[in-house]
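Structure record follows, encoded as structure tokens.
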Number of protein chains: 2
Amino acid sequence: MSIGVPRLLVMSRSGADLALLLLGGFRTLVDGAMVELAARGYEDFRPTHEFAMRAIIAGADSASDVGRRLSISKQAAAKTIAVLVARGYVSSDPDPSDARRNRIQVTARGLDVLREGEAVFEDLRARWEETLGAAELAHLEASLVKLVGRATVDPEAPGWVGQDGIAGEK
Amino acid sequence: MSIGVPRLLVMSRSGADLALLLLGGFRTLVDGAMVELAARGYEDFRPTHEFAMRAIIAGADSASDVGRRLSISKQAAAKTIAVLVARGYVSSDPDPSDARRNRIQVTARGLDVLREGEAVFEDLRARWEETLGAAELAHLEASLVKLVGRATVDPEAPGWVGQDGIAGEK
DNA sequence: CTCAGATAGACAACTAGGTTGTCCATCACC
DNA sequence: GGTGATGGACAACCTAGTTGTCTATCTGAG
């Protein structure tokens, strides 16, 4: 492996490192949360699912709707919803007033996992508050809000990571 | 869609929102960088590629090496390297002193894209510095370092997002 | 009242970036 | 010189997306 090869030319990295830092923070939180949720009996729950379910709770009641809310294709949304239904987090019934639609809803179990998930994230945040101090963490959050806006809070377009495309119908 | 459905029970979200903020920050930076790099003629460059190339520069000179450095399987590393080679960012030649190995190296074009990428990230960071002030941005970075450690700077295990598994040989 | 156009959803094929498992060739060492 | 570790190739699979195509149904204009 020839370890210890010199970094050949410095190449300042603060911009890219900042991105890495943000990713690291996100991953630390999310990975921790997934581990904790698995331990609480939700082994098959994935971050994506949370976004989809929140979209449903926020008012999306069809797969296409969820797709629009999350800025992913309706097909992708339908796939996610299919696994959510298969795992009992979401129900899907034909819409009596529109035969094209399947009306989807978050089940009791779905609400449970969301609630637990939030508690878990709250715990993790509390742990960060310990190592950083409440003021500093609040400061960090405020800075991030200034940079990326409130957009994330009502999660328009997560699109996850570097997918670079926006869904378009045909 | 029945817009305006009430948020039914408050469910504090600050922990999860913090994660979303971090993700949002990362995506803002990376998406911006990819757009800018594409505009500069590197249309086929992906964030993953940067990690792999940095691993190579840092001393990994075989696919298995890269895999170890990035904590992904050697197969995954080999795939990434294959596209890097196909696109001219990396070269691969049989190792004269070990017939099993393919000795890989970052090409001139590869170094170019890395250099440009860093410049792009630097620009983006400068923009953030404008909207936030140098002190506040430095503060934010310091806080993140405290939380996630220096680990990210020499990128051990990006593993990207929520993949939850670590590579293991057989 | 009909018909054109929009919409919902299903199905298929594809991509990126990973994972396992299996296998062979080569190397290093006792 | 044989045994075990290593490098790499190949194949099959997974997740979270993408496009494209197709049908069924609804809606609004005339």
Side-chain angles (χ1 to χ4, degrees), chain A residues 1 23 27 30 34 44-52 60-87 92-104 157-170, chain B residues 1 23 27 30 34 43-52 55 60-87 92-104 157-170:
Chain A
M1 202 196 245
L23 177 60
R27 284 210 35 147
V30 168
M34 287 307 120
D44 51 6
F45 199 71
R46 312 234 149 272
T48 329
H49 299 163
E50 163 136 13
F51 288 108
D61 66 346
S62 73
S64 294
D65 255 10
V66 171
R68 275 189 293 268
R69 293 238 180 190
L70 301 182
S71 297
I72 61 176
S73 63
K74 61 179 181 174
Q75 293 89 334
K79 273 192 206 178
T80 303
I81 290 166
V83 342
L84 249 13
V85 169
R87 294 178 185 175
S92 171
D93 313 278
D95 185 330
S97 73
D98 185 340
R100 291 171 307 176
R101 292 176 95 103
N102 280 333
R103 201 132 76 177
I104 57 181
W160 229 219
V161 74
Q163 219 65 34
D164 89 358
I166 285 298
E169 185 70 359
K170 197 174 278 185
Chain B
M1 201 194 240
L23 177 60
R27 285 210 37 149
V30 168
M34 288 305 119
E43 307 232 359
D44 50 6
F45 199 71
R46 311 233 150 273
T48 328
H49 300 161
E50 162 134 13
F51 288 108
D61 66 345
S62 73
S64 293
D65 256 9
V66 171
R68 275 189 293 270
R69 291 240 181 189
L70 300 182
S71 298
I72 60 176
S73 63
K74 61 178 181 176
Q75 292 91 332
K79 273 191 205 179
T80 303
I81 289 166
V83 341
L84 250 13
V85 168
R87 295 180 184 174
S92 171
D93 312 277
D95 185 329
S97 74
D98 185 340
R100 291 170 306 175
R101 291 175 95 102
N102 280 334
R103 201 133 74 175
I104 57 180
W160 228 220
V161 72
Q163 219 65 35
D164 89 0
I166 284 300
E169 186 68 0
K170 196 176 277 186

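Naming: A, B, ... by sequence-line order, numbering from 1 per chain.
- Atom CG in B:Leu84 sits roughly 14 Å away from atom C1' in C:dA16 (whole-Å rounding).
- The phosphate of C:dT20 has neither OP1 nor OP2 within less than 4.0 Å of any side-chain N or O from B:Ser73.
- How far CG of B:Asp93 is from CG of B:Asp61: 11.5 Å, rounded to the nearest 0.5 Å.
- Between B:Glu50 atom CD and C:dG17 atom C1' the separation is 17 Å, expressed in whole Å.
- Rounding to the nearest 0.5 Å places CD1 of A:Ile81 at 7.5 Å from OG of A:Ser62.
- A:Ala76 comes within 4.0 angstrom of a base, heavy atoms only.
- Remark: C1' of D:dC14 and CG of A:Asp44 are 15 Å apart, rounded to the nearest angstrom.
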Under 3.5 Å, N/O pairs linking protein and nucleotides 26-28 of chain D:
residue : atom : partner : partner atom : Å
D:dC26  : OP1  : A:Ala99 : N            : 2.7

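- Rounded to whole Å, atom C1' of C:dG18 lies 14 Å from atom CD1 of B:Ile81.
- Distance CD1/B:Ile104 to CG/B:Asp95: 11.5 Å, rounded to 0.5 Å.
- In terms of heavy atoms, B:Ala55 sits closest to B:Leu70 at CB-CD2, 4.0 Å.
- One cannot find a donor-acceptor pair under 3.5 Å joining the base of C:dG17 and the side-chain atoms of B:Lys79.
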Show me the protein contacts with nucleotides 1-4 of chain D, counting only N or O atoms at under 3.5 Å.
none

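- In the set C:dA16, C:dG9, D:dG8, D:dG8 carries the atom at the smallest distance from any side-chain atom of B:Arg101.
- Side-chain atoms of B:Gln75 and base atoms of C:dG17 include no donor and acceptor less than 3.5 Å apart.
- When all heavy atoms of B:Val85 and B:Ser92 are compared, the closest pair comes out as CG2-CB, 4.0 Å.
- Atom NZ in A:Lys74 sits about 14 Å away from atom P in D:dT23, given to the nearest Å.
- Two residues, A:Ala77 and B:Ala63, neighbour DNA chain D, and the one matched to the more 5' nucleotide by heavy-atom proximity is B:Ala63.
- Atom C1' of nucleotide C:dG17 and atom CZ of B:Arg46 are separated by 11 Å, given to the nearest angstrom.
- Looking at B:Phe51 and B:Arg69, their side chains never come closer than 4.5 Å, going by heavy atoms from C-beta outward.
- The side-chain heavy atoms of A:Arg46 and A:Thr80, taken from C-beta on, include no pair separated by under 4.5 Å.
- Close to D:dG8, at under 4.0 Å from its OP1 or OP2, lies no side-chain N or O of B:Arg103.
- When heavy atoms are screened at a 4.0 angstrom cut-off, B:Asn102 is found touching the sugar-phosphate backbone but no base atom.
- For B:Ala76, the side-chain contact (heavy atoms from CB on, under 4.5 Å) partners two or more places apart in sequence, or in a different chain, are B:Ile72, B:Ser73.
- Contact check, A:Thr48 against D:dT15: no side-chain N or O comes under 4.0 Å of OP1 or OP2.
- Positionally, the nearest nucleotide of DNA chain C for A:Ser64 lies more toward the 5' end than for the other of A:Ser64 and B:Thr80.
- Straight-line distance from the CG atom of A:Asp95 to the P atom of D:dA24: 19 Å, rounded to whole Å.
- In this structure the side chain of A:His49 never reaches within 4.5 angstrom of the side chain of A:Asp44, judged on heavy atoms.
- Regarding A:Ile72, its CD1 atom lies at a distance of 11 Å from the P atom of D:dA16, rounded to whole Å.
- Not counting sequence neighbours, A:Arg103 has no partner by the side-chain hydrogen bond (donor to acceptor under 3.5 Å, both in side chains) test.
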